[in-house]
There are 2 protein chains.
Amino acid sequence: MSKQLVGPLTPVGMDDCRVPLVNEPLNAGQAERLAPSFKALGDPIRLRLLSLIASHQGGEACVCDLTDGFDVSAPTISHHLKVLREIGLVTSERRGTWVYYRAEQSALDLLSTVLSVPQGVNV
Amino acid sequence: MSKQLVGPLTPVGMDDCRVPLVNEPLNAGQAERLAPSFKALGDPIRLRLLSLIASHQGGEACVCDLTDGFDVSAPTISHHLKVLREIGLVTSERRGTWVYYRAEQSALDLLSTVLSVPQGVNV
DNA sequence: TACCTAATTAGATATCCATCAAGTCAATGA
DNA sequence: TCATTGACTTGATGGATATCTAATTAGGTA
């Protein structure tokens, strides 16, 4: 099995959501499943955390790598990481003393697709 | 001037934000300018409204086309449209009795790019 | 003018959420 | 066993927000 032939996995419960919203109207169910993910991205600290994790060497980052550079307390960082984790944008794993977070690229890719504007739409 | 050669315009104040967040960490300023747009998308009614507008025949929709199919009052729809408009995801124009909303594709495209996962990132 | 419809604004309210201090849990090492 | 460090949970609080009803603005028409 060659990995590069495998397409992006769809996060659970999102099977029918991988469609550009400019193509056809989202139905109520799709909108209610997608909105919480965008809401999770709707905080500047969470956006930066996600970007730090996703762009970090090796595709993962230790919490200890994330707390610097923010003007909020450690519990607040922890809270935001929990929000990202519960919505499925990141996963976490404890290894010894440290906890590592990894971005869920399939979830990002799905949201990117929803917002994408295919060439020639509504021209 | 041939229109198809013109790339997507960048919404004002977002010039340096059209970068995938998996490429490098967003700085605080970028995150603070991007987050409100995602927050605006973080409500299922607004997501559906945007999708209805963006996918509508001609790329625009009258408010009167938008109020059906929602379980909320007209002022609530109006409130959500205002949020989308103030963040720059849609524009509006009155024509006679009716007000028409149009999706700002460049804004959608920018957000899609921010969430996109370019091939080969962190492999 | 008076009236009707479309859409928004104003004001009130209930709920949600970001934040912090304090406390707790987990792993490591003296 | 105790102390230390990393990370999270709990509980409280102030501010934001989604929603409604009522009132208002704007355009069209008799």
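Throughout, a chain's letter reflects where its sequence line sits, starting with A, and its residues are numbered from 1. Here the structure is a predicted model, which means the values were calculated and not measured.
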| Nucleotide C/dT9, atom P - distance to CD1 of B/I77 in whole Å | 15 Å

| query | How about A/I53 and A/L81: do any of their side-chain heavy atoms sit closer than 4.5 Å? | reply | yes

| Contact state string [nucleotides 12-23 of chain C, B base, S sugar-phosphate only, - no protein heavy atom under 4.0 Å] | -----SSBBBB-

| message | Is there a path of hydrophobic side-chain contacts, each under 4.5 Å between heavy atoms, that joins B/V83 and B/V90? | response | no

| message | Ring of A/Y101, cation from A/R85 - is the NZ or CZ under 6.0 Å from the centre and inside 45° of the axis? | response | no

| request: Following the transitive rule for hydrophobic clusters with a side-chain heavy-atom cut-off under 4.5 Å over Ile, Leu, Val, Met, Phe, Trp and Tyr, establish whether B/I87 and B/M14 coincide in one cluster. | output: yes

| said: Output one letter per nucleotide in nucleotides 24-30 of chain D: B when a protein non-hydrogen atom lies under 4.0 Å from the base, S when only the sugar-phosphate is that close, - when neither is. | reply: ---SS--

| B/Y100 near the nucleic acid: base, sugar-phosphate alone, or nothing, with a heavy-atom cut-off under 4.0 Å? | nothing

| query | Is it true that A/E104 and A/R102 make a salt bridge, defined as a side-chain N closer than 4.0 Å to a carboxylate O? | reply | no

| query | Any side-chain donor-acceptor pair under 3.5 Å between B/S73 and B/T76? | reply | yes

| Looking at A/L66 and A/A61, what are the two nearest heavy atoms and their distance? | CD2-CB, 4.0 Å

| query | Under the 6.0 Å and 45° cation-pi test, does B/R95 pair with B/Y100? | reply | yes

| said: At 4.0 Å (heavy atoms only), tell me whether B/F70 reaches a base, stays on the sugar-phosphate, or touches nothing. | reply: nothing

| note | Among D/dG6, C/dA7, D/dT9, the one nearest any side-chain atom of A/K82 is D/dT9

| task | Give a yes or no on whether A/D15 atom CG has more than 12 heavy-atom contacts from other residues, nucleotides or ligands under 6.0 Å away. | result | yes

| query | Same cluster for A/L52 and A/W98 if Ile/Leu/Val/Met/Phe/Trp/Tyr side chains link at under 4.5 Å? | reply | no

| query | Nearest heavy-atom pair of A/R48 and B/L26: which atoms, and what distance? | reply | CG-O, 3.8 Å

| Between A/R85 (CZ) and D/dT9 (C1'), how many Å, whole number? | 12 Å

| query | In residues 53-61 of chain A, which residues come under 4.0 Å of DNA chain D by heavy atom? | reply | none

